[in-house]
Amino acid sequence: MSAATPPTERRVSARVAAISESATLAVDAKAKALKAAGRPVIGFGAGEPDFPTPGYIVDAAVEACREPRNHRYTPAGGLPELKAAIAAKTLRDSGYEIDASQVLVTNGGKQAIYEAFAAILDPGDEVIVPAPYWTTYPESIRLAGGVPVEVVADETTGYRVTLEQLEAARTERTKVLLFVSPSNPTGAVYPEAEAEAIGRWAVEHGLWVLTDEIYEHLVYGDATFTSLPAIVPELRDRCVVVNGVAKTYAMTGWRVGWVIGPKDVIKAATNLQSHATSNVGNVSQAAALAAVSGSLDAVAEMRTAFDRRRRTIVRMLNEIDGVFCPEPEGAFYAYPSVKELLGKELRGRRPADTVELAALILDEVEVAVVPGEAFGTPGYLRLSYALGDEDLIEGVGRLQKLLAEVKD
């Protein structure tokens, strides 16, 4: 008698199978692979400063390697001295006074975002997510059992959502508003009056706010960074802030982020982390301690370079017929609309969407960009200007030449 045929088995859980690959990391990986193979690819995909980590931070890490204490487990929630330094840095940079017990040190900003959502969401809770959004936000919400509700802003409003849009998206299941300024992928920065109005709207309706402040030091021109819990104190008991050293100090590879929030939420998220990863690498924490405790001089130098590149990339993109790029006020991304180019002929092809257009650009002129579909808004491209000036000019120059060939 033959054995019974087993029922069809799901080899990967539905929850994890539903996760999309990070589009930004995928584009960056493909660009690096092509470059390693000898092709002259210029990558605008990754949100990663091209500067080395400042020397004093590296020196602190080297010294930490020699300290036997750092060869052992440390508290899951972070080194006490780093948590205290993050609290001091938050007051210095944001005007938001917190206690070290309100800080959880995480393995980068992504873990901070997931653990924050996991700590405050129950299955079916809705999170209002302004779009364009960073690719990780909706995935973290879904993994935590929540439901992302997108509210789309476009280039006509500088990629900033309005109170009317937020109110239209609010339902009885809404629990959290995601607020990001400066924004990835658009570089949009909310003026203080708009940010305060949004914070007070959240207070009025009893909503939580998760605000990502990772680009707090990268603002340009007349734009200014404002921290919601600092300007709307009534929000503090229902506000979670995520941040990290990656962008400000050119430390993407060191993997240190943090969550700031009410003590009960931080305790819950720390319990989660104690089972997920335990403590962040102690050497990286020592480096982060040197970063947040030190001056912002190195940051100012990087910001000057990013500002110069920002103006260059916007000017060059807006010289292309059919492309419109608002001037980003923060972060280090340009987010041009290319909707007028879709469906038109370009070197024998008619890209129907920005996924196809980005693939065509990579194939034809070896320039890697991220399609707007990755950020919830088809019809756009994201280009990071966190790369050298020469590569930036060469890469956008290739785009100018290629897109000049577009035909009806």
Could you tell me whether F179 and Y190 have their ring centroids closer than 6.0 angstrom?
-> yes

Would you find more than 12 non-hydrogen atoms of other residues, nucleotides or ligands less than 6.0 Å from E97 atom CD?
-> no

Backbone N or O of T136 within a donor-acceptor pair of the S140 side chain at under 3.5 Å?
-> yes

State whether the side chain of K175 and the backbone N or O of E126 hold a donor-acceptor pair below 3.5 Å, judged by distance alone.
-> no

Give a yes or no answer on whether the side chain of Q102 reaches the backbone of D99 with a donor-acceptor pair at less than 3.5 Å.
-> yes

Spatial distance of atom CD1 (I86) from atom CG (N243) [nearest 0.5 Å] = 8.5 Å

Any side-chain heavy-atom pair of T377 and D154 under 4.5 Å = no

Quick check: does any side chain N or O of R142 sit under 3.5 Å from a backbone N or O of I19, one acting as donor and the other as acceptor?
-> no

Please say whether more than 12 non-hydrogen atoms of neighbouring residues, nucleotides or ligands are located less than 6.0 Å from CD in E67.
-> yes

Closest heavy-atom contact between E373 and P378?
-> OE2-CB, 3.5 Å

Donor-acceptor pair, Q273 side chain versus V105 backbone, under 3.5 Å?
-> yes

With a 4.5 Å heavy-atom cut-off, do L228 and I231 have their side chains touching?
-> yes

Heavy-atom side-chain proximity of L177 to L166 below 4.5 angstrom | yes

Value rounded to 0.5 Å, distance of OG1 in T277 from CG in N107 = 4.5 Å

Report yes if the side chains of V129 and V149 come closer than 4.5 Å at any heavy-atom pair, otherwise no.
-> no

Interatomic distance, CG@D125 vs CZ@F117, rounded to 0.5 Å, equals 11.5 Å

Y249 (side chain) donor-acceptor with A291 (main chain) under 3.5 angstrom | yes

NZ/NE/NH1/NH2 to OD/OE distance under 4.0 Å, E405 and K344 = no

Parallel, tilted or perpendicular, as decided by the 30° and 60° cut-offs, for the rings of Y380 and Y335 | parallel

Is the side chain of R303 donor-acceptor paired with the backbone N or O of L218 at a distance under 3.5 Å, no angle test?
-> no

Hey, mind stepping through Y215 and Y333 against side-chain hydrogen bond (donor to acceptor under 3.5 Å, both in side chains) and telling me if it holds?
-> CA-CA 11 Å; Y215 294 100; Y333 308 101; 2.5 Å; yes

Does CG in N318 sit with more than 12 non-hydrogen atoms of other residues, nucleotides or ligands closer than 6.0 Å?
-> yes

Just wondering, do Y385 and F44 contact through their side chains at under 4.5 Å, heavy atoms?
-> no

d(E340 CD, L342 CG) to nearest 0.5 Å is 10.0 Å

Should R238 and L207 count as side-chain neighbours, where that means a heavy-atom distance under 4.5 Å?
-> no

Judged by atom type as modelled, is there a donor-acceptor pair below 3.5 Å linking the side chain of Y220 to the main-chain atoms of A331?
-> yes

With no hydrogens and no angle check, do the side chains of R69 and N282 hold a donor and an acceptor under 3.5 Å apart?
-> no

Can you find a pair of side-chain heavy atoms, one from R160 and one from S183, that are under 4.5 Å apart?
-> no

Distance (rounded to the nearest 0.5 Å) between L235 CG and S227 OG = 9.5 Å

Check: G257 main-chain N/O paired with K110 side-chain donor or acceptor under 3.5 Å | no

Atom OG of S94 and atom NZ of K89: how far apart are they, to the nearest 0.5 Å?
-> 5.0 Å

Inspect the surroundings of NZ in K267 and state if more than 12 heavy atoms from other residues, nucleotides or ligands are less than 6.0 Å away.
-> no

Distance-only donor-acceptor check, side chains E192 and T226, under 3.5 Å | no

Apply ring-ring contact (aromatic ring centres under 6.0 Å, His included) to F306 and F332, showing your working.
-> CA-CA 7 Å; F306 290 143; F332 39 59; 5.1 Å; yes

Any donor-acceptor pair under 3.5 Å linking the side chain of T162 with the backbone of Q165?
-> yes

Any side-chain heavy-atom pair of E319 and Q400 under 4.5 Å | yes

Can you tell me if S384 and E48 form a side-chain donor-acceptor pair at under 3.5 Å?
-> no

Reference residue R382; test side-chain hydrogen bond (donor to acceptor under 3.5 Å, both in side chains); the match among T186, T135, N184, T354 = N184

